[in-house]
Structure formats: structure tokens, C-alpha cells
Amino acid sequence: MAIILDGKTIAKKLEAELAAYSRIREIRLDVILVGDNLASATYVRNKHRAAERVGMQSVIHTLPVHTKSEEIEQLIEELNSNEEVDGILLQLPLPEQLNSEKLLDSIHPMKDVDVFHPENAGLAYLGRPRIWPCTPSGILRLLHEHEIDIVGKHAVVVGRSNIVGKPMAALLQHANATVTVCHRMTKRLQDFTRQADILVVAAGSPGLIGKDDIKPGAVVIDVGSEFVNGKLTGDVRFAEVEPIASAITPVPGGVGPLTIASLLSNTVRLASLRRGWAN
Ligand SMILES: Nc1nc(=O)c2c([nH]1)NC[C@@H]1CN(c3ccc(C(=O)N[C@@H](CCC(=O)O)C(=O)O)cc3)C=[N+]21
């Protein structure tokens with residue numbers, strides 16, 4: 001029987017802290033959503049609602065699927081130079097005609113809430129973070145709130161994306177874990193995952209991890225969130241892993257809500273750095 005790491009409850013707690021701050025300062029997050037990807041629309045709506053709950057201004061720019069790169073660049077340019085805008089998030093994935101890297105690079109580093117800009121990523125990887133990407137920082141908060149010790153533990157991260165896997169590994173290392181990173185080319189994945197005291201699965205591969213892939217007593221963090229037959233499905237087969245793990249996140253209700261709370265928190269942080277409110 002594992003402890004269920006309830007992301008919703010901790011997200012609420014984080015939101016309460018942020019709401020207290022939003023009462024003193026006006027903070028604004030702008031989200032750009034291109035195309036009509038159903039999952040993206042859901043996540044963007046969740047972000048908008050969370051921002052409203054904490055009293056933050058949230059503006060969503062919904063653009064049609066065939067929008068030209070130049071139009072998005074122009075919008076980003078406007079938001080970059082608009083003093084009222086504290087954070088800019090370009091929702092991924094983008095339609096295939098668009099160059100994500102180029103567009104993400106054009107977001108001003110002081111408004112880059114996702115930590116995609118090389119300057120922010122570089123600072124974070126050097127251990128001098130302005131902010132950490134939303135999902136990794138949410139996961140660290142989750143571990144911290146449940147008093148799960150990280151120091152000296154073997155953390156295994158499955159996935160090496162710029163938004164989750166890479167920064168997750170860096171952040172765990174920063175928190176003094178011993179870190180192994182696995183990915184789709186890893187041979188004998190199970191040999192690695194079975195050694196994990198803390199297993200973070202961010203492969204985007206529904207049901208990838210089962211009971212034979214974990215060490216009894218492991219802490220299992222499931223970052224997977226794919227719609228399978230209309231149902232949000234994680235990378236971990238929860239029902240079979242839960243009895244063996246010591247703690248596990250559910251999907252939904254685990255990492256997702258904390259990712260959003262961290263997004264709001266990152267927006268506040270960048271606002272205070274940019275506007276000189278930082279203490
Ligand atoms: N530039 C960018 N930044 C992102 O951070 C980003 C992105 N693009 N593209 C897509 C992924 C995915 N992502 C999620 C956010 C919230 C939930 C979430 O709220 N999940 C809820 C439930 C979702 C639902 O209502 O069905 C939960 O797990 O309980 C999930 C996934 C952010 N992403």
C-alpha cells in the first residue's frame with residue numbers, strides 16, 4: 001500500500017500562497033495556443049482557471065492552425081515589450097509548419113516561464129536558476145511536502161525532453177540525488193528502473209512501467225498524461241504498481257495540477273525579478 005501523492009491538495013496550498021501575493025501585486029500571464037489540439041485546449045483552460053483562482057490576470061491568444069510564423073513572432077514581440085505582461089507561454093506542440101525552437105527563443109528570457117530560453121536553461125543547469133521548469137519544480141515541491149528524502153537517493157528519470165526529463169535530472173542532482181537518465185534508446189530499461197529509489201517517468205508512453213519495473217518501496221512519479229480512448233492515462237500502470245511502491249502519484253490529480261501551480265509561481269518569480277520586487 002503506497003502513500004498517494006495528492007497533487008491537487010498541494011497545488012491548492014501553493015495557490016493560496018500565490019493568492020496572498022496577487023493581492024499586493026498585479027501579475028499577468030499570456031498563453032499562446034495555436035491550432036485546435038484537444039489536449040492542449042484542456043491544459044490551457046486549466047491554466048486559465050488556476051490563474052483566475054489566485055487573482056492573476058490570464059490572457060489566452062488563440063490562433064488558427066495555419067497561422068504564419070511571422071504573425072506569432074509579431075505577437076511575441078508585442079508581449080515582450082508590453083510592460084504589463086509578466087509571463088509568456090507558447091503551448092506545445094505547435095502545428096508542424098512552425099519552428100518551435102525559433103519561436104521559443106524569441107520569448108524574452110525574463111518572461112520565459114517554461115525555462116526554454118537558452119539563457120534560463122543555462123543558468124538553471126549551472127545551479128544558478130532564475131526559475132526551474134514547471135513540472136520538475138512541482139515534483140520537487142510534492143516530494144518536499146511529503147517529507148520524502150532525496151539526498152543520496154538513486155533517482156532514475158525516464159525521458160530526456162527539454163521541458164521535463166533534462167531539467168528534472170538537473171534539479172534532482174541539484175537536490176543531491178544520484179541521478180540516472182534513461183530514454184527510448186536505453187537498452188534493458190528495467191535494469192535501471194529497478195534500481196530507483198525515486199523513479200520519475202516522463203516518457204509519454206502510456207502504461208510503459210509495470211510492477212516488474214520497480215523496486216519494492218520505490219517512490220514513483222508519473223509525468224505521463226496522454227489521452228487514450230478519451231481517458232487521461234499515465235506512463236505507469238497505477239493499479240499494479242501501487243501495492244509495491246511506498247508512494248505514487250495518480251493520473252489525473254498528481255503531477256498535472258502541480259505543474260500549473262508552478263507555472264503561476266514561476267510567473268510571480270519572474271515578475272518580481274524583472275520589476276525589481278525581489279527580496
Ligand atoms: N509550453 C508548454 N508548457 C507546458 O507546461 C506544457 C505544454 N507546453 N504543452 C503540454 C504539456 C502538458 N502540460 C500539462 C499541464 C497540466 C495538466 C493537468 O492539469 N492535468 C490534470 C488533468 C487534466 C484534465 O483536466 O483532463 C491532472 O493531471 O490532474 C496536464 C498536462 C503542460 N504542458
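All values reported here derive from a predicted model rather than from experimental measurement. Both counts, for ligands and for their atoms, begin at 1 and track the order of listing.
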Answer yes if the side chains of [X] and [Y] hold a donor-acceptor pair under 3.5 Å, and no otherwise.
| X | Y | answer |
| --- | --- | --- |
| Gln91 | Lys47 | yes |
| Ser58 | His48 | yes |
| His61 | Asp30 | yes |

Report the part of Pro252 (side chain from C-beta onward, or backbone N, CA, C, O) that has a heavy atom under 4.0 Å from ligand 1; answer both or neither where that applies. both
For Thr135, which part has a heavy atom under 4.0 Å from ligand 1: side chain, backbone, both, or neither? neither
Judging by distance only, is a nitrogen or oxygen of [X] under 3.5 angstrom from one on ligand 1?
| X | value |
| --- | --- |
| Asn46 | yes |
| Gly253 | yes |
| Leu90 | yes |
| Leu89 | no |
| Tyr43 | no |
| Gln91 | yes |

So is [X] touching ligand 1 or not, going by heavy atoms under 4.0 Å?
| X | answer |
| --- | --- |
| Ile163 | yes |
| Ser225 | yes |
| Asp114 | yes |
| Lys8 | no |

Per-atom contacts, ligand 1 versus Ile260 - under 4.0 Å to a heavy atom: 16 (C), 19 (O)
List every atom of ligand 1 that sits less than 4.0 Å from any heavy atom of Pro257, numbering the atoms from 1 in the order shown and giving each element. 27 (C), 28 (O), 29 (O)
Considering non-hydrogen atoms of the protein only, which is the closest contact for [atom], and what is the distance?
| atom | result |
| --- | --- |
| atom 22 (C) of ligand 1 | Leu232 CD2, 3.8 Å |
| atom 32 (C) of ligand 1 | Lys47 NZ, 4.0 Å |
| atom 8 (N) of ligand 1 | Leu92 N, 3.1 Å |

Fit a plane to each ring of Trp277 and Tyr21, take the angle between them on a 0 to 90° scale, and name the class: parallel (under 30°), tilted (30 to 60°) or perpendicular (over 60°). tilted
For Glu73 and Ser69: C-alpha separation, side-chain torsions, deciding distance, then whether side-chain hydrogen bond (donor to acceptor under 3.5 Å, both in side chains) applies. CA-CA 6 Å; Glu73 281 164 37; Ser69 186; 3.0 Å; yes
Nearest to atom 18 (C) of ligand 1 by heavy atom, Ser262, Ser100, Gly256: which? Gly256
Minimal non-hydrogen separation, Pro109 against Asn120, with atom names: O-ND2, 2.8 Å
Using every non-hydrogen atom in the two residues, find where Val85 and Arg274 come nearest and quote the distance to one decimal. O-NH2, 3.1 Å
Honestly curious: do Leu258 and Val236 fall in one hydrophobic cluster under the side-chain, below-4.5 Å linking rule? no
Treat each ILVMFWY residue as a node, draw an edge where side-chain heavy atoms are under 4.5 Å apart, and state whether Ile209 and Val251 are in one component. no
